[in-house]
Amino acid sequence: MSLSPAATVPTPPLAGRAVGGGGSPVGDILAVTARPEVINFAGGLPARELFDAEGIAEAFQAVLAEQAPRALQYATTEGEPALRGALAGRMAVRGLATEADDVLVTTGSQQGLSLVAQALIDPGDTVLVESPCYLAALQVFAFAGARIVPVACDDDGIDPAALEELVVRARPKFLYTVPTFQNPTGRTMTADRRREVARIAARRGLWIVEDDPYGELRFAGERLPWIASLPEAADRTVLLGSFSKVMAPGLRLGWLRAPRPLRAACALVKEGTDLHTPTVNQLAAARYLADNDLDAHVARVAAVYGTRRDALLAGLPDALPAGSTWTTPQGGMFVWARLPEGHDTAALLRTVVGFDVAYVPGAPFFAGRPDHGTLRLCFVTQTPDEIAEGLRRLEKGFAAAAR
């Protein structure tokens, strides 16, 4: 006997983590980027005209011509040996002794962050984050059921005294940090602060999750060591990396370097998530690294980004309300600005987008009390002329909102 439609029972509800977070800030940002008329300072999109499309295409062609059966087949969860070896070599050259077995290839570094969260966080565990913090990391930790606690920061990065006090009081599982060209602020943690963070982690028993998607995009200043390379942190730091900002985000290739017990746990989680990262993409990336000078390509990209940063900084005094302040990053993709007291960048954006320009309001980046007067500007996607036009539109939008 079948039930009539009127007698059917509703399906069980969605999981609380799927409905408890309200909207999707990341989705809202990506929706803005889809409007072609908008000069978009909102997204974190690399400049597509700088992709080495020819070199990447040649790498795929070579892989499919020479080893198609392997490229189109399943692979191991940990990743293709050729790519893991190449990644280990790149880290070793930069001062972090690494073997291929220390590396897990991920489907973008965002997956690496998710794997670490699932491997380390039980519901109710505390996670420390920078203030402000990469907003998609906040989403990952919230989905995992973490209690997210912000650590006070200044222009030099995390405040070590505030960090140690929180570690003692909150007993967190790990600290999440983007120490180089941080998203959203663009700031870089000093070498002294990195050493202090490593010492606190060793002294107090703490994992460090060091996310480095932007570190190679330096166009001023000197490169600083990874926290993972410091002796005090060697046994307790997860380093996340990605090809998204230096090769192409559409490849969805990232990696995770971690002490072997944690790396093995992350591999087990990944096996249950997607089995493995696409084989053909991994082999093509390995072939690209073998046949091309990625460092030279990144240097060219970084030089262009430096010019674009300068174009943005040159126009900000006229574009933003009088009394605004902003960061001057030495690399990466973002400038962080703060408008004078009384301004709400989320409310202002509703007027500003009417002038076909967009930014990201700063409030979603805060795990604690938000600063509603802040905003993030991405300077790499547009040319200097487009940046100048975007800033003119931004000035008009703020002026209209003030009337």
Side-chain angles (χ1 to χ4, degrees), residues 75-92 94-129 137 140-141 143-149 163 167-168 170-179 194-195 197-213 225-242 253-277 282:
T76 61
T77 299
E78 289 78 7
E80 281 296 320
L83 182 58
R84 295 170 74 199
L87 291 169
R90 289 180 63 80
M91 284 182 264
R94 288 159 176 76
L96 180 58
T98 304
E99 299 177 5
D101 284 347
D102 299 323
V103 179
L104 172 67
V105 178
T106 60
T107 307
S109 63
Q110 184 68 24
Q111 185 188 58
L113 187 56
S114 180
L115 298 178
V116 171
Q118 292 180 71
L120 287 178
I121 297 172
D122 288 315
D125 283 343
T126 298
V127 171
L128 302 183
V129 301
V140 167
F141 303 149
F143 277 135
R147 172 176 173 257
I148 305 170
V149 177
L163 172 63
V167 172
V168 171
R171 304 181 68 83
K173 274 288 184 73
F174 63 79
L175 165 70
Y176 172 72
T177 176
V178 185
R194 293 173 193 233
R195 286 190 287 269
V197 167
R199 289 167 185 157
I200 291 167
R203 186 164 60 242
R204 298 296 183 181
L206 180 70
W207 284 103
I208 299 171
V209 179
E210 180 178 12
D211 200 355
D212 187 37
W226 284 308
I227 297 172
S229 69
L230 302 176
E232 299 90 340
D235 66 340
R236 63 191 61 241
T237 302
V238 182
L239 178 64
L240 303 176
S242 174
L253 286 174
W255 56 90
L256 178 158
R257 180 200 182 275
R260 294 191 182 187
L262 179 54
R263 185 201 58 75
C266 290
L268 188 62
V269 175
K270 180 174 172 59
E271 182 179 305
T273 302
D274 67 355
L275 191 60
H276 66 84
T277 299
Q282 293 188 62

If you measure from [atom1] on [X] to [atom2] on [Y], what distance do you get to the nearest 0.5 Å?
| X | Y | atom1 | atom2 | result |
| --- | --- | --- | --- | --- |
| Leu253 | Thr106 | CG | OG1 | 8.0 Å |
| Ile208 | Leu128 | CD1 | CG | 11.0 Å |
| Met91 | Leu239 | CE | CG | 6.5 Å |
| Thr273 | Leu115 | OG1 | CG | 6.0 Å |
| Leu120 | Phe141 | CG | CZ | 10.0 Å |
| Leu104 | Leu256 | CG | CG | 5.5 Å |

Arg260/Asp102 salt bridge by N-O under 4.0 Å criterion:
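A salt bridge links Asp102 with Arg260.
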Short question: side chain of [X], backbone of [Y] - any donor-acceptor pair under 3.5 Å?
| X | Y | result |
| --- | --- | --- |
| Glu80 | Gln282 | no |
| Arg263 | Asp101 | yes |
| Thr77 | His276 | no |
| Gln118 | Val269 | no |
| Arg147 | Ala170 | no |
| Arg236 | Ala201 | yes |
| Ser242 | Gly254 | no |
| Arg94 | Arg90 | yes |

Contacts of type salt bridge (charged side-chain N to carboxylate O under 4.0 Å, His left out), residue Glu78, not counting sequence neighbours:
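Here no residue qualifies.
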Under the criterion side-chain contact (heavy atoms from CB on, under 4.5 Å), I'd like the reasoning laid out for Asp122 against Lys173: C-alpha separation, chi angles, the key distance, then a yes or no.
CA-CA 9 Å; Asp122 288 315; Lys173 274 288 184 73; 4.1 Å; yes
Side chains of [X] and [Y]: closer than 4.5 Å at any heavy-atom pair?
| X | Y | result |
| --- | --- | --- |
| Phe174 | Asp125 | no |
| Thr277 | Lys270 | yes |
| Arg204 | Val168 | yes |
| Leu262 | Val238 | yes |

So, for [X] and [Y], which heavy atoms are closest and what is the spacing to 0.1 Å?
| X | Y | result |
| --- | --- | --- |
| Ala100 | Ala88 | N-CB, 3.7 Å |
| Ser114 | Val140 | CA-CG1, 3.7 Å |
| Asp211 | Ser109 | OD1-OG, 4.5 Å |

Dump the intermediate steps for side-chain contact (heavy atoms from CB on, under 4.5 Å) on Ile121 and Val127, then the final yes or no.
CA-CA 8 Å; Ile121 297 172; Val127 171; 3.6 Å; yes
Other residues, nucleotides and ligands only: do more than 12 of their heavy atoms fall within 6.0 Å of CZ on Arg203?
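More than 12 heavy atoms, drawn from other residues, nucleotides or ligands, come within 6.0 Å of this atom.
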Go through the structure and list residues passing side-chain contact (heavy atoms from CB on, under 4.5 Å) with Pro259, not counting sequence neighbours.
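Trp207, Pro261.
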I need the single residue from Thr237, Ile200, Leu206 that forms a side chain to side chain contact (heavy atoms under 4.5 Å, CB included) with Leu175. Which is it?
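Of all the options given, the one that passes is Leu206.
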